[in-house]
Amino acid sequence: MAGYVGCAVAHSRATRSEAIPTRPPLRGGHPGRMESATAHPTYPSGKATQNDVLITPEATVQERARLVIIGAGIVGCSAAYHLTRLGWRDIVVLDQGPLFETGGSTSHAPGGVFQTNFSPMMTRFAQYTVELYSGLELDGQSCFYGVGGMEVAATPQRWEDLKRKAGVAKSWGLEAALLSPQEAQDLNPLLNPDTIEGAYYVPTDGIARPVQAAQLMAEEARAKGAVFHGRTTVEDIEISQGQVRAVVTDQGRIETEQVLLCVGIWGPRIGRLAGVAVPLVPVQHLYTRSAPVPALAGETRQVVHPVLRHQDSSMYFRQHADCYGIGSYRHEPLVVEPQSLPSYRPGAGQPAIMPFTPEHFAEAHAAAVQLMPALDGIDLSYKINGLFSFTPDGMPLMGPAPEVAGFWLAEAVWITHAGGVGKTIAEWMVEGVPSMDLREADINRFAPHARTTEYARVRGAQQYREVYDIIHPRQPLQQPRPLRLSPFHPRLEALDAVFFESAGWERPQWFGSNEALPEIGEVPVRQGWAARFWSPVQGAEHLATRRRGALCDLSPLTKIEVAGSGALAFLQRLAANQIDRPVGRVVYTPLLDQQGGIRADLTIVRLEEDRFWVLTGGVTGPRDMAWLKTWAPTDGSVQIRDISAQYCCAGLWGPQARQVLQEVCEADLAGADFPYFGARRIEVDSVPVLALRLSYIGEAGWELYAPAEYGLALWDALWDAGRVYSIIALGSGAFDSLRLEKGYRLWGTDIHGDYNPLEAGLERTVRLDKDDFVGRQALLGAKEAGIKKRLCCMTLDRPDAVLLGKEPILGGDETLGYVTSADCGYSVGRFIAYGYLPLAWAAPGTKIEIEYFGERYKATVAAEPLFDPPGKRLKS
Ligand code: FAD
């Protein structure tokens with residue numbers, strides 16, 4: 001399994017000398033080409049460059065290939081490099097521009113690499129990329145200047161946030177430090193220390209030489225059998241029966257069953273040729289370089305100062321010998337229509353550069369001078385509006401497109417992450433599963449609306465605006481909203497729901513109507529950062545649910561019907577648990593990937609001998625659907641349909657749930673007739689309902705599914721009956737604390753592909769003794785080898801302390817892991833954190849510490865679940 005620790009080991013195995021051999025200088029190498037390219041942003045002629053000749057001796061493109069990679073920027077070259085390292089040959093890489101200053105974004109990037117990201121995936125991509133580029137040498141010069149990276153704080157809020165950042169750096173195993181203004185100035189003498197509160201410093205950050213890195217990776221891929229063609233434009237992609245068949249270029253047609261799209265900002269345009277939606281927008285980004293700065297007179301080394309971020313002004317800086325580069329996001333997003341992008345044409349200028357707009361740079365320029373007074377009065381000798389990609393959630397787009405078989409993507413990737421993206425997309429294509437969980441980058445993560453052009457435009461622009469903003473982990477998306485409304489929505493609104501957005505759905509976080517609940521006085525007070533986007537009402541809803549009961553909108557759940565003569569065998573092959581149960585039974589099961597990682601976590605209901613419902617989260621649904629389709633037999637024996645929109649769902653749970661339901665239902669709801677994990681068709685007033693006796697919050701009750709058009713009738717029947725028993729409407733905030741108190745794992749945070757069920761404490765959901773299923777062999781191997789870490793429950797010793805997740809867990813000076821979930825256990829009176837700990841630290845009673853904004857909180861490993869360990873309430 002490729003857990004965090006596992007991945008670190010894998011990376012460290014890929015040492016510079018072993019995995020990334022140092023190469024002899026290339027013939028005709030071009031040290032410093034990036035600098036010269038940025039100084040002359042128009043190609044002088046259409047003649048082939050020396051590199052074209054070096055890399056493309058073939059006169060015409062070949063007629064057939066195993067794989068065609070479109071785009072020879074940093075991403076296409078990284079993918080080719082890693083694919084050939086994994087043994088693939090017969091790969092053709094095409095680019096419309098000359099190799100390797102193709103005129104794409106890579107040709108214009110100053111190459112700043114800041115590894116820290118609140119996403120562990122992005123940090124791991126960057127960590128690997130630094131290792132990779134550091135080992136690439138051209139003419140004796142590395143493709144990475146390891147000068148460090150510094151982020152200054154000009155406001156107290158930023159300074160606080162940098163402490164949070166230092167925490168996640170620890171969580172992800174990245175060395176970082178907080179510096180005083182003076183220490184920051186010691187590293188960069190041009191800084192005015194009076195303008196900053198301090199700085200965050202990562203010594204292994206630095207500056208890449210992207211064009212050179214791309215060229216070197218291409219050269220190695222070429223040595224292993226890949227062929228590169230510059231000045232070859234893809235004009236069409238032939239598809240038949242939903243499968244890629246050929247790539248048509250202006251130099252000829254290449255028959256192939258596989259395409260990997262690495263065209264950056266051109267993604268939506270080329271995607272459209274194949275009918276694949278690529279949700280990104282090109283946005284203009286301003287980058288300038290100063291004339292020589294007197295304070296740096298005589299400096300001939302390209303970079304000495306750490307790459308620098310001044311995020312309170314949405315800017316960054318890098319040294320170019322005696323000049324300074326300044327990049328700015330401090331302007332309204334200048335989005336470019338992807339379909340209107342020019343192709344590369346000799347002599348026509350750089351297609352990924354737009355004319356510089358000084359009006360968008362004035363504010364940034366002033367801020368630059370304030371931070372670095374030495375820049376005052378210095379001209380800007382080089383100025384561009386360069387284009388690069390922004391996606392709806394700021395993450396890359398990777399994996400197989402859902403629309404067309406054989407069409408893969410590695411899009412919207414920064415120089416910073418291109419090494420890690422190239423490595424993992426290659427693993428995914430060659431081995432069927434990447435060595436780390438890519439849920440945040442998977443092209444299949446999007447709900448349908450999120451792949452529309454307008455959504456990509458609006459959200460992409462917002463990502464540009466927010467690129468350096470301080471974002472609270474619970475901060476709700478502002479627009480476009482509302483998009484998806486549950487059939488219960490009018491009732492939720494009437495109860496003063498405070499909505500947040502999830503996969504396009506409007507979901508109540510808590511209800512204003514619950515402000516007067518008697519329990520509110522029992523809820524611990526929160527302040528500051530922890531109190532943002534939170535309300536004590538959440539705590540009151542939690543307690544009221546445990547004491548009386550609650551009605552909850554679960555309509556956003558994804559509902560997938562799997563039917564046909566082969567349905568049982570198919571689900572048995574995918575699920576780790578035993579699915580061959582009688583009709584009317586429900587099974588909770590993980591689906592594993594080939595490495596034994598938890599690919600999905602869901603509930604399967606057997607409705608008939610050969611008809612099942614697969615129930616999963618609203619956010620995870622599209623990925624789970626894609627996984628089912630990947631493995632589905634092609635002989636017509638299994639039909640898979642997303643029926644989510646056809647059904648609404650209400651959760652009714654708590655001590656009074658049975659009485660409430662019995663008020664409006666004639667069927668006998670007593671235990672023997674309706675056992676725990678049973679499924680029955682019942683009538684709720686006049687509404688036909690499929691009732692599942694289960695709950696994710698640890699209370700007895702039901703998930704009640706009805707055709708969507710009956711939504712209001714269902715809600716009203718249950719709500720009216722429940723009033724007598726004082727049940728409440730339950731929001732997602734309280735739902736989360738209820739599930740955590742009961743020890744239920746949340747897929748995407750507590751469990752995902754980086755962990756196997758043994759590490760996650762889900763052994764009871766796996767039947768290793770049933771017939772073979774996906775991931776079984778790997779899990780048997782993991783069991784035999786013995787696990788090294790385990791998901792643990794911890795409680796904070798201090799009653800008033802609060803965490804939000806991702807904080808480092810410490811044992812003395814050692815980082816043991818990080819917090820995967822955190823919330824208040826309002827019923828048990830403790831603040832709860834979950835996280836993976838090495839086995840030596842996993843025993844209940846073990847003392848550890850958790851760091852929050854630089855402060856260490858004492859905590860204790862606890863036996864789980866904290867609430868109702870025998871599960872009596874669930875089964876009552
Ligand atoms: P590209 O480099 O654009 O490569 C895509 C290739 O596809 C191009 O070469 C293009 O010619 C080719 N292509 C397109 N259409 C066709 C077709 N029809 N047929 C054949 N070929 C085609 N990132 C960082 O990490 N750090 C930074 O400091 C940084 N600063 C930046 C500053 C600026 C001004 C800009 C513009 C970008 C910056 N970036 C930075 C972002 C980074 O440059 C990009 O995200 C990255 O280069 C994208 O690489 P790519 O290979 O996906 O795309």
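Ligands are counted one by one from 1 in listed order, and the atoms in each one are counted from 1 as well.
At under 3.5 Å, not a single nitrogen or oxygen of H108, backbone or side chain, sits near a nitrogen or oxygen of ligand 1. Inclusion of I74 in the set of residues having an N or O under 3.5 Å from an N or O of ligand 1 is warranted. Considering backbone and side-chain atoms together, A410 places no N or O closer than 3.5 Å to any N or O of ligand 1. On a distance-only criterion, T106 and ligand 1 share at least one N/O pair closer than 3.5 Å. Residue V234 has at least one nitrogen or oxygen atom sitting less than 3.5 Å from a nitrogen or oxygen atom of ligand 1, judged on distance alone.
Identified under the side-chain hydrogen bond (donor to acceptor under 3.5 Å, both in side chains) test for residues 398-416, with sequence neighbours left out: Q258-W408, E403-R451.
Proximity annotation for atom 16 (C) of ligand 1: of Q350, H229, Q96, Q96 comes nearest, heavy atoms only. For atom 11 (O) of ligand 1, the nearest non-hydrogen atom from the set T102, D95, L341 belongs to D95.
Scanning the protein heavy atoms around atom 50 (P) of ligand 1, the nearest turns out to be V75 CG2, 3.7 Å.
Under the side chain to side chain contact (heavy atoms under 4.5 Å, CB included) rule, Y133 has a single partner from I207, I74, L216, which is I74. With respect to Y468, the side-chain hydrogen bond (donor to acceptor under 3.5 Å, both in side chains) criterion is satisfied by exactly one of H310, R158, R309, Q311: R309.
In this structure a side-chain-to-backbone donor-acceptor pair under 3.5 Å is present from Q463 to P392. Within the 3.5 Å criterion, the main-chain N or O of V413 finds no donor-acceptor partner in the side chain of H417.
Looking at C262 against ligand 1, only its backbone comes within 4.0 Å, counting heavy atoms. By the criterion of a heavy-atom distance under 4.0 Å, neither the backbone nor the side chain of I265 is placed next to ligand 1. Contacts with ligand 1 closer than 4.0 Å are made by no heavy atom of T249, backbone or side chain. At a heavy-atom cutoff of 4.0 Å, ligand 1 is contacted by no atom of V113, backbone or side chain. The proximity of W266 to ligand 1, defined as any non-hydrogen pair under 4.0 Å, is limited to the side chain. At a heavy-atom cutoff of 4.0 Å, ligand 1 is contacted by no atom of Y344, backbone or side chain.
In this structure, F114 falls outside the shell of residues with a heavy atom less than 4.0 angstrom from ligand 1.
Annotation: cation-pi pair K423/Y128 present, NZ/CZ under 6.0 Å from the ring centroid and within 45° of its normal.
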